[in-house]
**Q** 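To start, I am sharing the structure in question, which I have written as structure tokens.
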Amino acid sequence: MAKKLQSIRGIHDGLPTEVAKWRNIEDVARKVFASHAISEVRLPILEPKSLFVRSVGEETDIVSKEMYAFEDQGGDHICLRPEGTAGAVRAYLQAGLTRAGAQRWFYMGPMFRRERPQKGRLRQFQQIGVEYFAVNGPVADVEMLRMAQQFLDELGIQQTRLEINTLGCSACRPAYRETLMTYLKERAESLCATCNDRIETNPMRVLDCKNKTCQAQLLDAPEVVAHVCDDCDAHFSGLKSGLDALAVDYTVNPRIVRGLDYYNRTAFEFVTDQLGAQGTVLAGGRYDGLVESLGGPATSAVGFAAGMERLAMLLPDVPEPRLDVVVAALGDESLPYSLRVADALRQQGLIVIHAGGGTAKRQFKIADRENSRFVLVIGEDEVAKGGVMLKHLKTGKQDFYRLDDAVQILLARDV
RNA sequence: GUGGACGUAGCUCAAUUGGUAGAGCCCCGGCUUGUGAUGCCGGUGGUUGUGGGUUCAAGUCCCAUCGUCCACCCCA
């Protein structure tokens, strides 16, 4: 091999084994989402860079250091989308749907973040996301969470737990932020450098600092839950009682903080401890202010995204559909007839491989390797008699049949 | 972006203190003519991730680079 040609760091190929799992996940998602009347959208992978600067937030890691952003040949500043919500809001506004009532959307596709790769953390990864627009009140949050839980359940992913929190809103967060900043400034010298930087830029992020000495200082730190306004409090209560009504288990984790600026009120995460450090498998929350901040009317919104590759890592391999029959042609004279037979079998809906002729041994080995149920042998005798030899590989039983009869045996799929 | 582990055949891995690169699996073929899965025999396949350096001699030591993995960080 000359100079090795390989994919870009952190960008992996979807080979058959992996894609089979993805398709399984997609099928379950489509089925579950359909029962909530959610419609699929397919949105651009390239977006204007400014979209994410204005929505996700200029100070966030995603925007400030992880975006694949560049100028195109015309001098436009564009980027590969790092997440799906901003583009969905952009499309919602661009299509003029703000007076069209509730919109319930889902999407699946690749996202791009230039991070240091790890297991469960790729530079190109796939998300399945759901966004609701113009849907008010905690009932939407409750039903969305139940749906997310059902999605994970139907996939067979058991070992996750749901953590929820409230982040307040534009009415109450500024006051809380002040309270928190005051508290943090009093202890600034005991906090790590990163935390000190964040006191001014994003004090809520200090709360989930992993540093032990920081955490020790933050034991009695003021928590959002206790400082939200009456409306937010009512929303959070509605969320909790709704989850109780549906028997959805959850724990309130006052330290959940979203890394994207647009979230308010409800924030949630389904986490697992089976993926090492990348334990969040599905997460989201409310973002009631985003539509307005991107130029639309005040519009409530809530959504989540799940990481396809992370879900796939929690699932066993999906067995490939089993081959019904391998057509083995013996001798060049029988090739034309064998090709017609293979074609006819496929038209009956059977899964067929033509072994390509050659020795009987070679073709039987192919059938064996492909895990075929039957081998259909066509040689001089079969062509002469106008039939086929059909052998069941597991039992070794073999008989001569007219083609129609062989088709019936194959279609029965009972052996 | 920071710190660490690792990179040998298609795959999983060996190779004493530097001394001629090996095994298993897979693949291809043979063990009488049109019959597989077990067995026996044989074969293909490597400039040891890449590029430099030290040495009589480098898979082994040193430097750089690329990649994978782990932790930090971040998040799906």
Side-chain angles (χ1 to χ4, degrees), chain A residues 1-12 25 56 60-66 82-85 108-130 148 160 192-195 198 202 205 208-212 256-260 263 267-272 275-284 303-314 326 328-331 334 355 357-372 374-383 389-398 400:
Chain A
M1 217 182 311
K3 192 163 285 182
K4 206 195 281 181
L5 208 46
Q6 56 186 350
S7 66
I8 294 166
R9 179 177 205 190
I11 299 186
H12 292 185
I25 294 167
V56 175
T60 61
D61 287 0
I62 291 176
V63 169
S64 64
K65 46 193 188 197
E66 296 174 0
E83 59 103 46
T85 300
M108 323 177 153
M111 306 294 166
F112 304 82
R113 296 181 196 170
R114 198 182 183 288
E115 301 186 86
R116 185 86 168 256
Q118 243 175 277
K119 193 183 221 76
R121 193 172 80 179
L122 299 170
R123 290 184 170 184
Q124 175 176 336
F125 60 102
Q126 299 175 88
Q127 285 190 338
I128 298 180
V130 173
T160 61
C192 70
T194 318
C195 284
R198 283 176 175 162
N202 194 345
R205 287 284 304 285
D208 69 351
C209 180
K210 301 289 194 306
N211 190 311
K212 274 181 186 153
I256 292 183
V257 178
R258 307 273 69 204
L260 291 69
Y263 286 109
F268 56 83
E269 293 185 357
F270 283 88
V271 291
T272 174
L275 296 179
Q278 318 303 326
T280 303
V281 99
L282 185 155
F304 69 78
M308 178 90 85
E309 288 83 358
R310 289 185 188 177
L311 292 172
M313 280 191 286
L314 296 170
V326 164
L330 301 173
S334 56
T359 64
K361 186 191 193 92
R362 190 188 76 85
Q363 297 184 84
F364 268 83
K365 280 190 171 178
I366 288 171
D368 211 43
R369 186 163 63 232
E370 301 267 2
N371 193 25
S372 181
F374 288 91
V375 172
L376 195 152
V377 183
I378 294 173
E380 215 177 323
D381 297 351
E382 287 76 16
V383 175
M389 186 68 82
L390 190 63
K391 178 170 188 176
H392 187 245
L393 279 175
K394 202 161 181 184
T395 60
K397 198 167 163 266
Q398 122 177 346
F400 180 85

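Quick note on labels: first sequence line is chain A, next is B, and so on, each numbered from 1. Predicted model, so just to flag it, every value in this text is computed and none were measured.
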**Q** Expressed in whole Å, how much space separates the C1' atoms belonging to B/G7 and B/U65?
**A**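 Looking at atom C1' only, B/G7 and B/U65 are 13 Å apart.
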**Q** Please check if the number of heavy atoms outside A/Q398 that lie under 6.0 Å from its CD is greater than 12.
**A**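 Check passes, neighbour count above 12.
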**Q** A/I11 or A/D381: which one's nearest nucleotide on RNA chain B is closer to the 5' end?
**A**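 Result: A/D381.
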**Q** Can a donor-acceptor pair under 3.5 Å be found between the side-chain atoms of A/Q363 and the base atoms of B/U35?
**A**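 Such a pair does not exist between side chain and base.
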**Q** Does the structure show a Watson-Crick or G-U wobble partner for B/C73, both distances under 3.5 Å? Name it, or say none.
**A**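 Per the H-bond distance test, none.
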**Q** Considering only nitrogen or oxygen atoms on both sides, find all protein atoms under 3.5 Å from nucleotides 4-9 of chain B and state each distance.
**A**
none

**Q** Name the pairing partner of B/G7, where a pair is Watson-Crick or G-U wobble with both distances under 3.5 Å, or state none.
**A**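 B/G7 is paired, partner B/C66.
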**Q** Tell me the interatomic distance from A/K361, atom NZ, to B/G29, atom P, rounded to whole angstroms.
**A**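 Roughly 10 Å, once rounded to whole Å.
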**Q** Between B/G34 and A/E382, counting only base atoms on the nucleotide and side-chain atoms on the residue, is there a donor-acceptor pair under 3.5 Å?
**A**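 Such a pair exists between side chain and base.
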**Q** Using a heavy-atom cut-off of under 4.0 Å over every strand shown, decide if A/G120 touches base, sugar-phosphate, or nothing.
**A**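 Touches a base.
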**Q** Remember a base hit wins even if backbone is also touched, and classify A/H392 as base, sugar-phosphate or nothing at under 4.0 Å, heavy atoms.
**A**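 Nothing: the residue A/H392, judged by heavy atoms under 4.0 Å, touches no strand.
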**Q** Which nucleotide, if any, forms a Watson-Crick or G-U wobble pair with B/A23, using both distances under 3.5 Å?
**A**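 When the pairing criteria are applied, B/U12 turns out to be the nucleotide that pairs with B/A23.
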**Q** Report yes if a donor N or O on one partner sits less than 3.5 Å from an acceptor N or O on the other, where the partners are the side chain of A/R310 and the base of B/C75; otherwise report no.
**A**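 Answer yes: a donor N or O sits under 3.5 Å from an acceptor.
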**Q** Can you find a donor-acceptor pair, distance only, under 3.5 Å between A/K391 side chain and B/U35 base?
**A**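 Indeed there is one.
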**Q** Using whole Å, what does the distance between atom C1' of nucleotide B/C27 and atom CZ of A/R362 come to?
**A**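 For the pair A/R362 CZ and B/C27 C1', the rounded distance is 13 Å.
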